[in-house]
Amino acid sequence: AYDALVGSGWKTDDNKLKERVYLRIGYVKMGRGSNAAGCGGGLVTPALDIKKNCASTLKVSFKCCIYVAANGKWDPSTMQVRVIGPGTINDDVSTGKVFVMQTERPVEWEEKTLLVYGATNATQLVFESVEETKANRWFLDDVQIVKAPMALSGRYLAAVSYTHLR
């Protein structure tokens, strides 16, 4: 399954060892419970399918859920999305967005959404752990990257294809 994921253009983050990304049936588990070299995990999208010499505003949505151990304790409840290459997240300056996953019902999936402005065919997105010094396990599913509606972007958009993790 890992080879199929990588064959589709996704890769593990160069800063996060691939043994920290686990494929489960229908979703991905990120991170480890303990590791002296770091505990987080990360996945990088393929370069986005945007017309050459064009920039687009993209709507990115995904589901995430924190890991809860058998004893009922959960790992840190943060993960982030980061831009590699052209583009900013939710404004004109940020290249990363940290998301906090809720802890009231820690085993439930949460949908997160963000906008990427100025994305080109050289843009990639990283879905990754924030905490690296202690256990940081969480789950990722249903990644969708689509052209943002005109009402959200306020400008002309080039074509972009649908990208899905499964």
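Hydrogens, waters and symmetry mates play no part in the numbers below; they use all other heavy atoms, side chains included.
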Compare all side-chain heavy atoms of [X] with those of [Y] and state whether any distance is below 4.5 angstrom.
{"X": "Leu115", "Y": "Val60", "result": "no"}
{"X": "Trp138", "Y": "Ser129", "result": "yes"}
{"X": "Val21", "Y": "Met30", "result": "yes"}
{"X": "Lys59", "Y": "Thr113", "result": "yes"}
{"X": "Lys112", "Y": "Cys64", "result": "yes"}

Say you draw a straight line from [atom1] of [X] to [atom2] of [Y]; how long is it, rounded to the nearest 0.5 Å?
{"X": "Ile145", "Y": "Leu125", "atom1": "CD1", "atom2": "CG", "result": "5.0 Å"}
{"X": "Gln124", "Y": "Leu48", "atom1": "CD", "atom2": "CG", "result": "7.5 Å"}
{"X": "Arg24", "Y": "Leu140", "atom1": "CZ", "atom2": "CG", "result": "13.5 Å"}
{"X": "Thr95", "Y": "Arg82", "atom1": "OG1", "atom2": "CZ", "result": "8.0 Å"}
{"X": "Phe139", "Y": "Glu110", "atom1": "CZ", "atom2": "CD", "result": "13.0 Å"}
{"X": "Thr123", "Y": "Ile84", "atom1": "OG1", "atom2": "CD1", "result": "10.0 Å"}

Check: Is the count of non-hydrogen atoms from other residues, nucleotides or ligands lying under 6.0 Å from Lys63 atom NZ greater than 12?
Finding: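 Atom NZ in Lys63 is not crowded, with 12 or fewer foreign heavy atoms closer than 6.0 Å.
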
Check: Just by modelled atom types, is the Asp49 backbone N or O under 3.5 Å from a matching donor or acceptor in the Asn121 side chain?
Finding: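 Answer holds: no.
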
Notebook entry, point to check: Taking only residues two or more places apart in sequence or in another chain, which ones pass salt bridge (charged side-chain N to carboxylate O under 4.0 Å, His left out) with Lys29?
Noted result: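 Per chain and number, Lys29 pairs via salt bridge (charged side-chain N to carboxylate O under 4.0 Å, His left out) with no residue.
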
Margin query: Looking at every non-hydrogen atom in both residues, tell me the closest pair between Ser8 and Pro46 and how far apart they are.
Written below: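 It is O-CG, 3.9 Å.
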
Notebook entry, point to check: Considering all heavy atoms of both residues, which atom of Asp141 and which atom of Gly26 are nearest to each other, and what is their separation?
Noted result: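 In this case the closest contact between Asp141 and Gly26 is OD1-O, 2.8 Å.
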
Margin query: Under the rule for ring-ring contact (aromatic ring centres under 6.0 Å, His included), what residues qualify as partners of Phe99, not counting sequence neighbours?
Written below: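 Phe99: ring-ring contact (aromatic ring centres under 6.0 Å, His included) contacts with Phe62.
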
Next item on the list: Answer yes if Val100 and Ile89 sit in the same cluster of Ile, Leu, Val, Met, Phe, Trp and Tyr residues linked by side chain heavy atoms under 4.5 Å apart, and no otherwise.
Entry: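 Val100 does not cluster with Ile89.
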
Got a sec, which residues hit side-chain hydrogen bond (donor to acceptor under 3.5 Å, both in side chains) with [X], two or more places apart in sequence or on another chain?
{"X": "Ser94", "value": "Asp91"}
{"X": "Glu108", "value": "Arg105"}
{"X": "Lys97", "value": "none"}

Next item on the list: Decide whether Trp10 and Thr45 meet the rule of one side-chain donor and one side-chain acceptor closer than 3.5 Å.
Entry: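 Side-chain D/A pair, Trp10 to Thr45: absent.
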
Next item on the list: Apply side-chain contact (heavy atoms from CB on, under 4.5 Å) to Thr88 and Val93, showing your working.
Entry: CA-CA 6 Å; Thr88 60; Val93 294; 5.7 Å; no

Check: Who passes side-chain contact (heavy atoms from CB on, under 4.5 Å) against Asn71, sequence neighbours left out?
Finding: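 By the side-chain contact (heavy atoms from CB on, under 4.5 Å) rule, Asn71 matches Ala69, Lys73.
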
